[in-house]
Enquirer: 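One structure, pasted below without further comment.
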Amino acid sequence: EALQEIIESALEETLQNIEERPLPYARPTLVDEDLELDLEEDLTFSVTYDVYPEVTPGPAKGLTVTEPKVKITKADEDNELEELRQKNSLVVEKEDGAVAAGDIVTLTVTELDEEDKPLEETRQESYQVVVGQPNYYEINEEIIGLKQGESTVIEKSYDQDHQTQSLQGRTVKLGASVIQIKMRDIPDLDDEFAQDVSDEFETLQDLRKDVRKRLEKTATERVRGMKIDDLMKQLLESSTVSVPASMIETELESSWRGMAEQYRISPEQLQQLLEMQGRTREQILQEWRPAATERLKRSLIVQELMKQEEITVDEEAAIAQIREDAAERNADAERIVEYYRSNNMLSYVQQELAERKLFDNLLEASTIKAGAAIKYVDLIKENE
């Protein structure tokens, strides 16, 4: 106990007076774990730990960046208006009818074993499907025609490159029972609908103009993101940065917990579910490792460039941005500002604004090369 206390106090004192401190998630480890306390001699020991890595960015200015050309058509406006109609529709219960495309269906879903017995750990009592839209198991056409209270068995096979990693390469048998069916009562596309969307619109034409303006703003932001991605890919190739192991492990752990939250289960339940599917947590994390490493490299390069460019953003600028964003959404700006303050989140806004300023500078110093024409709908898909 005395040995442990001496080591901890000495290490704490030493780390306060040196420049290269451990990363917050890097625990110092004794080099010699068989130390013995000799009261007749000074105690000497060594520790190893991860520190903030040295980052040497490549040339960041004078790069050539490709900018795709986006054309927004009337069809894009119509698609956006249709989405608004769907969002402003009334949802009513469909008591006697059968499931049809566009209906909102609540199911009980359970994976079945080889003998068609339910795997209770996979049971979802309120699995909701909007027929025709993506969902976890991709249940759509299989339930069309079913009525409330009816059940079916569904067998689905998923490709090796399926977007949901836990389903990749699997064939799954599901038991599904219809609990409730709802349908949308969609409003007509007219002046009255435009007025219902917002008091600022008197006619459908007013609403269409606003839709066009928002599509153009979205396209501008997405194209900017693509240019930044092009720039960062070039920087990754020319920069030198070694990501500490503890930093990667922390990033992977965060992604693991994020995946569990996405499916509204605990990390432990997620691990059990994967094991039933013949996969392990270690396999998943290993698959994620390259992407996690690249994300961290990008972040480290950006931080170093902001340091070199001496780019900082104070709290007042962050608060001004929050108020501007709130005004666009007709939200209570001061309430949102107070929320950010009370949850110590202003620093996130400061970081975001600093990065935006950095990339504004880098793009301004780059040669912009005209890229291929791209449809608005394809632009959105490419950025998802």
Side-chain angles (χ1 to χ4, degrees), residues 1-57 239-262 265-272 274-275 280-308 310 312-315 318 339-351 354:
E1 290 177 2
L3 177 63
Q4 185 68 27
E5 185 176 332
I6 292 170
I7 290 173
E8 289 179 358
S9 61
L11 187 57
E12 181 180 356
E13 180 181 349
T14 303
L15 292 177
Q16 288 177 350
N17 299 310
I18 62 174
E19 185 175 342
E20 289 192 324
R21 298 181 183 180
L23 291 171
Y25 30 77
R27 182 178 177 84
T29 304
L30 282 170
V31 174
D32 181 5
E33 296 185 358
D34 297 324
L35 283 176
E36 293 185 3
L37 184 60
D38 187 340
L39 299 181
E40 302 301 325
E41 296 183 8
D42 289 341
L43 176 67
T44 303
F45 64 93
S46 300
V47 293
T48 180
Y49 54 82
D50 285 341
V51 297
Y52 194 86
E54 290 187 8
V55 182
T56 307
S239 301
T240 302
V241 51
S242 179
V243 185
S246 60
M247 191 176 279
I248 297 174
E249 295 306 321
T250 301
E251 178 76 5
L252 290 171
E253 181 62 29
S254 175
S255 297
W256 175 258
R257 293 187 175 278
M259 184 177 179
E261 289 176 6
Q262 180 182 350
I265 57 178
S266 70
E268 293 74 22
Q269 289 173 319
L270 176 59
Q271 187 164 345
Q272 292 172 1
L274 286 170
E275 287 173 354
T280 66
R281 178 179 184 275
E282 289 68 29
Q283 287 175 329
I284 296 293
L285 297 187
Q286 191 61 32
E287 292 171 5
W288 291 352
R289 190 173 294 274
T293 303
E294 181 173 320
R295 283 197 304 273
L296 289 168
K297 284 184 176 181
R298 287 186 177 220
S299 178
L300 290 167
I301 291 169
V302 167
Q303 295 303 316
E304 182 62 25
L305 287 173
M306 287 195 296
K307 182 179 177 182
Q308 292 180 4
E310 298 182 346
T312 58
V313 174
D314 58 25
E315 280 195 3
Y339 173 82
Y340 274 81
R341 272 205 182 106
S342 60
N343 288 278
N344 297 316
M345 292 172 60
L346 285 175
S347 59
Y348 295 112
V349 182
Q350 291 173 259
Q351 175 72 15

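Computation of the quantities below employed the complete heavy-atom set of this structure, encompassing side-chain atoms and omitting hydrogens, waters and symmetry-equivalent molecules.
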Enquirer: Taking 4.0 angstrom as the limit, do Arg289 and Glu249 come out as a salt bridge?
Expert: yes
Enquirer: Can you tell me if Tyr340 has over 12 outside heavy atoms packed within less than 6.0 Å of its OH?
Expert: no
Enquirer: Please check: side-chain N/O of Gln350 versus main-chain N/O of Ala318, any donor-acceptor pairing under 3.5 Å?
Expert: no
Enquirer: Once rounded to the nearest 0.5 Å, what's the spacing between atom CD of Gln269 and atom CG of Leu274?
Expert: 12.0 Å
Enquirer: Are the side chains of Asp32 and Leu30 in contact, using a 4.5 Å heavy-atom criterion?
Expert: no
Enquirer: Check Leu270 against Ala260 and note the closest heavy-atom contact, atom names and distance.
Expert: CD2-N, 3.9 Å
Enquirer: Under a 4.5 Å cut-off applied to non-hydrogen side-chain atoms, are Val241 and Leu296 in contact?
Expert: no
Enquirer: Please report the C-alpha distance between Glu261 and Arg257 in whole Å, then the side-chain angles of each, then the deciding distance to 0.1 Å, and finally whether the salt bridge (charged side-chain N to carboxylate O under 4.0 Å, His left out) criterion is met.
Expert: CA-CA 6 Å; Glu261 289 176 6; Arg257 293 187 175 278; over 6 Å; no
Enquirer: Would you say Tyr348 has more than 12 foreign heavy atoms packed within less than 6.0 Å of its OH?
Expert: no
Enquirer: Considering residues, nucleotides and ligands other than Glu282, do more than 12 of their heavy atoms fall under 6.0 Å from its CD?
Expert: yes
Enquirer: Which heavy atom in Ser9 sits nearest to a heavy atom in Ile6, and how many Å separate them?
Expert: OG-O, 3.1 Å
Enquirer: Under 3.5 Å, is there a donor-acceptor pair between the side chain of Arg21 and the main chain of Gln16?
Expert: yes
Enquirer: Is there a side-chain contact (heavy atoms from CB on, under 4.5 Å) between Ser255 and Arg295 once you walk through the steps?
Expert: CA-CA 12 Å; Ser255 297; Arg295 283 197 304 273; 3.5 Å; yes
Enquirer: Show the numbers, then the answer: is there a side-chain contact (heavy atoms from CB on, under 4.5 Å) between Glu275 and Gln271?
Expert: CA-CA 6 Å; Glu275 287 173 354; Gln271 187 164 345; 3.6 Å; yes
Enquirer: Taking the side chain as everything from C-beta on, heavy atoms only, tell me whether Val47 gets closer than 4.5 Å to Ile7.
Expert: no
Enquirer: Counting only heavy atoms from other residues, nucleotides and ligands, does the tally under 6.0 Å from OH of Tyr339 exceed 12?
Expert: no
Enquirer: Check whether any side-chain N or O of Thr250 sits under 3.5 Å from a backbone N or O of Ser246 as a donor-acceptor pair, and report yes or no.
Expert: yes
Enquirer: Could you please spell out the steps behind the salt bridge (charged side-chain N to carboxylate O under 4.0 Å, His left out) verdict for Arg281 and Glu253?
Expert: CA-CA 10 Å; Arg281 178 179 184 275; Glu253 181 62 29; 2.3 Å; yes
Enquirer: How about Leu11 and Tyr49: do any of their side-chain heavy atoms sit closer than 4.5 Å?
Expert: no
Enquirer: Would a 4.5 Å heavy-atom cut-off, applied to side chains only, mark Met247 and Pro53 as touching?
Expert: yes
Enquirer: Grab the two heavy atoms, one from Trp256 and one from Trp288, that are nearest each other, plus how far apart they are.
Expert: N-CZ3, 3.5 Å
Enquirer: Can you name the closest pair of heavy atoms from Thr293 and Ile248 and give their distance?
Expert: OG1-CD1, 3.7 Å
Enquirer: Looking at Pro28 and Leu15, what are the two nearest heavy atoms and their distance?
Expert: CG-CD1, 4.5 Å
Enquirer: For residues Gln303 and Met306, determine if any side-chain heavy atom of one lies less than 4.5 Å from a side-chain heavy atom of the other.
Expert: yes
Enquirer: How far apart are the closest heavy atoms of Leu300 and Val243, and which atoms are they?
Expert: CD1-CG2, 4.2 Å
Enquirer: Starting at CE of Met259, measure out to CD1 of Ile265 and round the result to the nearest 0.5 Å.
Expert: 8.0 Å
Enquirer: About how many Å separate CD of Glu304 and OG1 of Thr56, when rounded to the nearest 0.5 Å?
Expert: 7.5 Å
Enquirer: side-chain contact (heavy atoms from CB on, under 4.5 Å), that's the test. Do Phe45 and Val31 meet it? Break it down for me.
Expert: CA-CA 8 Å; Phe45 64 93; Val31 174; over 6 Å; no
